[in-house]
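Quick note on labels: first sequence line is chain A, next is B, and so on, each numbered from 1.
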Protein chains: 2
Amino acid sequence: MPKSTTRTYSRYSRTAAALLGVLIREARTEKKLTAQELAERAGISRGLLQRIEKGNLKCEIGAVFEVAAIVGIKLFDADERRLTKYQRETEDKLTLLPKSVRKPTKAVHDDF
Amino acid sequence: MPKSTTRTYSRYSRTAAALLGVLIREARTEKKLTAQELAERAGISRGLLQRIEKGNLKCEIGAVFEVAAIVGIKLFDADERRLTKYQRETEDKLTLLPKSVRKPTKAVHDDF
DNA sequence: CTATTATGCACTCTCTATGAATCATTTATA
DNA sequence: TATAAATGATTCATAGAGAGTGCATAATAG
């Protein structure tokens, strides 16, 4: 990233990430997995898992999803089958929508 | 990151990210926002938004959540109030669980 | 059909998130 | 209670994510 980015996040995003973090922590504990074990299974470092469990928003989404999937947290509350089906349906709807969004030209001629 | 990481993702994670991407794209189109506009509102670049809409797993989760929130995609199917409530409840449950996971020592003495 | 705008893609440069390693602290169990 | 293990916290080097840019192409308003 060029320049300093110091992103600012909405409260909603922060809360969502924090929630996902504690859900993961809870599921991991219930499954009796150590941080090290879960990290290894997910192919990430223990440090990254720590940040994920703390709800850090700068983690890559792939790592977070991977960990969540391993401990059994259903994203979108759906298993893979439903996820795929839902994705197809959404893609279908997308083809019906305009492929690019045009802003109306200011010359609206509402000045009679 | 040290060493080459070339992470590998499960199908579930890939599908989930892809779904989130098309949902965002759909919502953006319905709200008649250009990629540039949405990116600006989220405080990210258009390039990053493109990757998010394509379901790229290497984007930072904060950016994805931020964009999703802006176009009105409810994460965990919950508004901020419910999200916060749910988070508190989960944190409470967490305090009841052991704070660290111990693996049983192999000396189980099941060798009579 | 045409003009104009949005999107897709590729490139460079910069900065930072990640993996690894280490130490301090907390915690479960034998 | 003693003690080995798990977690928390910090540091460091670096691979690679993200911003910015330009251009080709697609797509829509008029």
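A sub-4.0 Å separation between OP1 or OP2 of D:dA19 and a side-chain N or O of A:Arg7 is present.
In this structure, B:Leu48 atom CG and C:dA17 atom C1' are separated by 14 Å, rounded to whole Å. Whole-Å rounding puts the B:Leu97 CG to D:dT7 P distance at 13 Å.
The backbone N or O of B:Lys32 lies less than 3.5 Å from a partner atom in the side chain of A:Lys103, making a donor-acceptor pair. Formation of a donor-acceptor pair under 3.5 Å by the A:Asp92 side chain with backbone atoms of A:Thr95 is not found in this model.
Looking at every heavy atom in both residues, A:Asn56 comes nearest to A:Lys58 through OD1-N, 2.7 Å. Between B:Cys59 and B:Leu48, the shortest heavy-atom distance links the atoms SG-CD1, 3.8 Å.
Within a 6.0 Å sphere centred on CZ of B:Phe76, other residues, nucleotides and ligands contribute more than 12 heavy atoms. Other residues, nucleotides and ligands contribute more than 12 heavy atoms inside 6.0 Å of the CZ atom of B:Arg7.
In the helix from C:dC1-D:dG30 to C:dA30-D:dT1, the end axes, each obtained as the rotation axis mapping the C1' atoms of four pairs onto the next four within a five-pair block, lie 80° apart to the nearest 10 degrees.
Taking every side-chain heavy atom of A:Arg102 into account, D:dA27 is the closest of D:dA19, D:dA27, C:dT7. With D:dT28, D:dA19, C:dG19 as the candidates, the nucleotide lying closest to the side chain of A:Lys99 is D:dT28.
Residues from residues 49-69 of chain B placing a heavy atom under 4.0 Å of any atom in DNA chain D, listed by number, are B:Arg51, B:Lys58, B:Cys59, B:Glu60. Near DNA chain C, meaning a heavy atom under 4.0 Å away, the residues from residues 28-44 of chain B are B:Arg28, B:Thr34, B:Ala35.
A:Ser100 comes within 4.0 angstrom of the backbone, heavy atoms only, and of no base.
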**Study point:** Evaluation steps, side chain to side chain contact (heavy atoms under 4.5 Å, CB included), between B:Asp79 and B:Arg82
**Key:** CA-CA 6 Å; B:Asp79 60 20; B:Arg82 288 190 59 77; 3.5 Å; yes
Return all side-chain donor-acceptor pairs below 3.5 angstrom for residues 13-25 of chain A, not counting sequence neighbours, or 'none' if the list is empty.
unit_1  : atom_1 : unit_2  : atom_2 : d
A:Ser13 : OG     : A:Ser10 : OG     : 3.2
A:Ser13 : OG     : B:Glu66 : N      : 3.4
A:Ser13 : OG     : B:Glu66 : OE1    : 2.8
A:Arg14 : NH1    : A:Tyr9  : O      : 2.7
A:Thr15 : OG1    : A:Arg11 : O      : 2.8
A:Arg25 : NH1    : A:Glu53 : OE1    : 3.3
A:Arg25 : NH2    : B:Lys99 : O      : 3.3

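Taking the side chain to side chain donor-acceptor pair (under 3.5 Å) definition, one finds that A:Lys85 meets it with nothing, sequence neighbours left out. Every side chain to side chain donor-acceptor pair (under 3.5 Å) that A:Gln36 has, sequence neighbours left out, goes to A:Glu40.
When hydrophobic clusters are built by joining Ile, Leu, Val, Met, Phe, Trp and Tyr residues whose side-chain heavy atoms come closer than 4.5 Å, directly or via intermediates, A:Ile44 is not grouped with B:Val101.
For B:Val101 and B:Thr6, each mapped to the nucleotide of DNA chain D holding its nearest heavy atom, the one lying further toward the 5' end belongs to B:Val101.
For D:dG8, the base has a donor-acceptor partner in the side chain of A:Arg46 [N/O atoms by modelled type, under 3.5 angstrom].
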